[in-house]
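The chains referred to below are lettered A, B, ... by the order of the sequence lines, with proteins before strands, and numbering in each begins at 1.
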Protein chains: 2
Amino acid sequence: MAQGPGGNGQHGETLLFLTDEQLRKGIEAMFFAYKGFTSDPDRILEERGYGRAHHRAIHFIHRSHGTTVNNLLAILGVTKQSLNRVLRTLIEDELVESRVGTRDKRERHLFLTDKGLVLERELSDAQQARVRDAFRSAGPGAVAGFRTVLEAMMDPEMRRRYQRLTENSR
Amino acid sequence: MAQGPGGNGQHGETLLFLTDEQLRKGIEAMFFAYKGFTSDPDRILEERGYGRAHHRAIHFIHRSHGTTVNNLLAILGVTKQSLNRVLRTLIEDELVESRVGTRDKRERHLFLTDKGLVLERELSDAQQARVRDAFRSAGPGAVAGFRTVLEAMMDPEMRRRYQRLTENSR
DNA sequence: TAGCAATGTCAACAAGGCTGACATAAAACG
DNA sequence: CGTTTTATGTCAGCCTTGTTGACATTGCTA
């Protein structure tokens with residue numbers, strides 16, 4: 001089924017993986033997979049009264065120690081008001097530390113505290129466990145394909161940010 | 001970089017694609033790609049005063065003509081109150097029709113109206129265009145890997161639903 | 001007939017997006 | 001030096017979309 005003639009030829013070729021049915025499967029796979037992707041951290045966060053937004057902030061602060069608020073805003077793609085609400089609770093709860101910049105004193109540099117690192121580990125372990133299992137069962141070739149497709153799916157601006165992040169892996 | 005000894009061996013093997021760094025890349029790729037994945041439909045929906053929840057309902061009603069409310073609830077994984085709010089506006093706006101079941105009169109079967117089909121096409125075209133471009137540039141092998149990894153990332157229950165959906169493609 | 005299932009609805013609440021407006025401090029510029 | 005821009009924070013209010021709990025209706029089923 002869904003293996004019919006396809007009829008989605010381009011330049012005369014028959015590209016079975018580009019039929020409407022295949023695209024729909026890909027779209028639905030993204031929907032269902034993203035749910036699984038976030039489900040484990042979501043459970044942990046809920047126990048502590050945090051949400052997905054807190055996770056994202058924690059993740060990227062961990063990823064880029066000492067990043068500025070502005071940089072984080074650009075990565076997350078939300079408004080400063082949204083981010084600030086989240087950041088304020090994380091700072092109050094002493095998971096994140098905000099240090100005034102030395103070169104430019106207008107900037108605030110963000111760091112995870114020891115307490116913040118503990119939660120980051122916990123969230124990261126849960127999410128990585130699932131991704132690791134998925135990667136392992138799928139195999140290296142599939143993982144490469146997975147990454148290639150995802151990268152091609154990003155907006156150019158996002159792809160730039162993504163690649164910049166993965167380049168200078170600390 | 002990140003091509004070091006890896007040190008994440010399992011059973012003595014060196015599984016480079018399972019290093020923490022590789023997992024982190026995969027996780028961040030999901031984050032950025034999902035944003036791109038939803039961005040085009042989101043723009044269209046906003047123009048019409050709808051949200052992502054409306055899109056999901058429209059998508060799965062189109063996908064499974066005549067599905068019941070209960071079935072839709074199971075697929076979407078939200079509460080009936082959440083779904084009902086969305087469904088009500090779609091029915092009021094005459095994008096969706098709700099017909100009392102013939103066999104079981106308690107059930108409501110959901111259908112897209114002509115007007116609903118128009119919006120579905122528009123949303124679907126926008127989303128498929130991006131996915132198609134990504135698939136095309138990545139190639140069939142990458143697409144297969146993409147799907148394999150996503151499927152492995154789903155919760156078992158979601159995977160069951162996903163597979164059931166793709167089986168009986170109408 | 002009693003009980004369960006499918007649906008709808010009301011109320012209230014929370015997270016996390018958004019906009020707009022305003023304040024402050026520091027850098028940058030002319 | 002004075003002006004403007006930048007980085008950040010904050011207040012207020014709005015929207016969508018998720019949640020829980022309670023309750024009503026209808027109709028299937030044992």
Side-chain angles (χ1 to χ4, degrees), chain A residues 31 34-35 38-39 41-61 66-93 96-111, chain B residues 31 34-35 38-39 41-61 66-93 96-111:
Chain A
F31 171 70
Y34 199 78
K35 291 200 130 199
T38 56
S39 60
D42 279 354
R43 259 190 296 278
I44 295 169
L45 290 158
E46 202 199 4
E47 291 169 13
R48 286 164 179 67
Y50 295 127
R52 211 174 280 178
H54 297 85
H55 184 192
R56 293 198 278 260
I58 288 173
H59 175 94
F60 285 109
I61 291 172
T67 184
T68 64
V69 173
N70 238 4
N71 185 42
L72 199 51
L73 281 176
I75 288 172
L76 296 174
V78 297
T79 59
K80 63 173 178 172
Q81 293 92 331
S82 272
L83 176 58
N84 203 259
R85 183 167 34 197
V86 164
L87 226 39
R88 204 186 314 162
T89 73
L90 291 177
I91 292 170
E92 275 170 12
D93 295 352
V96 168
E97 197 192 333
S98 164
R99 295 186 209 149
V100 172
T102 46
R103 248 186 22 204
D104 187 334
K105 292 180 187 169
R106 291 170 304 178
E107 293 178 339
R108 303 299 147 93
H109 297 272
L110 304 169
F111 303 85
Chain B
F31 171 69
Y34 199 77
K35 290 200 132 198
T38 55
S39 59
D42 279 355
R43 260 190 297 278
I44 296 169
L45 290 158
E46 202 199 2
E47 291 169 12
R48 286 165 180 68
Y50 295 128
R52 212 175 279 179
H54 297 85
H55 184 191
R56 293 198 277 258
I58 288 172
H59 175 94
F60 285 109
I61 291 173
T67 184
T68 64
V69 173
N70 235 5
N71 184 43
L72 199 52
L73 281 175
I75 289 172
L76 296 174
V78 299
T79 59
K80 63 174 178 171
Q81 293 92 330
S82 267
L83 176 58
N84 203 258
R85 185 165 34 199
V86 164
L87 226 39
R88 206 185 314 160
T89 72
L90 291 177
I91 292 170
E92 274 170 13
D93 295 352
V96 167
E97 199 192 331
S98 164
R99 295 186 209 148
V100 172
T102 48
R103 247 186 21 204
D104 188 332
K105 291 181 186 167
R106 290 171 307 180
E107 294 179 338
R108 304 299 146 92
H109 297 272
L110 303 169
F111 303 86

TODO: Could you check if a side-chain atom of A:Leu110 sits within less than 4.5 angstrom of a side-chain atom of A:Glu97, using non-hydrogen atoms only?
DONE: no
Task: Close side-chain approach of B:Tyr50 and B:Asp93, heavy atoms under 4.5 Å - done: yes
TODO: Just call it for B:Arg85: base, sugar-phosphate, or nothing, with non-hydrogen atoms closer than 4.0 Å on any strand.
DONE: base
Open item on the list: Any salt bridge linking A:Glu107 with A:Lys105? Criterion: basic side-chain nitrogen under 4.0 Å from a carboxylate oxygen.
Closed with: no
- [ ] List in numerical order all residues of residues 96-110 of chain A for which some heavy atom is under 4.0 Å away from an atom belonging to DNA chain D.
- [x] A:Arg106, A:Glu107, A:Arg108
- [ ] Specify the residue among A:Gln81 and A:Gly51 whose closest nucleotide of DNA chain C lies further upstream toward the 5′ end.
- [x] A:Gly51
Task: Along DNA chain C (nearest heavy atom to each residue), the more 5'-positioned of A:Ser82 and B:Ile91 - done: B:Ile91
Open item on the list: Going 5' to 3' along DNA chain D, which are the first and last nucleotides with any atom under 4.0 Å from a heavy atom of chain A?
Closed with: D:dT6 to D:dC11
TODO: Taking heavy atoms of chain A and a 4.0 Å limit, find me the 5'-most and 3'-most nucleotide of DNA chain C within that range.
DONE: C:dG16 to C:dA27
Task: All ring pair (Phe, Tyr, Trp, His ring centres under 6.0 Å) counterparts of B:His55, not counting sequence neighbours - done: none
Task: Partner of B:Asp42 under salt bridge (Lys or Arg N to Asp or Glu O under 4.0 Å), chosen from B:Arg48, B:Lys35, B:Arg52 - done: B:Arg52
Task: Point-to-point distance, once rounded to the nearest 0.5 Å, from CZ of A:Arg106 to CG of A:Asn70 - done: 9.5 Å
Open item on the list: How long is the straight-line distance from CD1 of B:Ile61 back to NE2 of B:His109, given to the nearest 0.5 Å?
Closed with: 13.0 Å
Open item on the list: Going by the rule side chain to side chain contact (heavy atoms under 4.5 Å, CB included), which residues pair with B:Arg108 if we only count those two or more places apart in sequence or in a different chain?
Closed with: B:Val69, B:Ser98, B:Val100
Open item on the list: Taking the six-membered ring for Trp, are A:Tyr34 and B:Phe31 closer than 6.0 Å centroid to centroid?
Closed with: no
Please table the atom pairs, donor to acceptor, closer than 3.5 Å between any side-chain atom in residues 71-92 of chain B and protein atoms at least two apart or in another chain.
| from | atom 1 | to | atom 2 | distance (Å) |
| --- | --- | --- | --- | --- |
| B:Asn71 | ND2 | B:Thr67 | OG1 | 2.7 |
| B:Thr79 | OG1 | B:Ser82 | N | 3.4 |
| B:Thr89 | OG1 | B:His54 | NE2 | 3.2 |
| B:Thr89 | OG1 | B:Val86 | O | 2.9 |

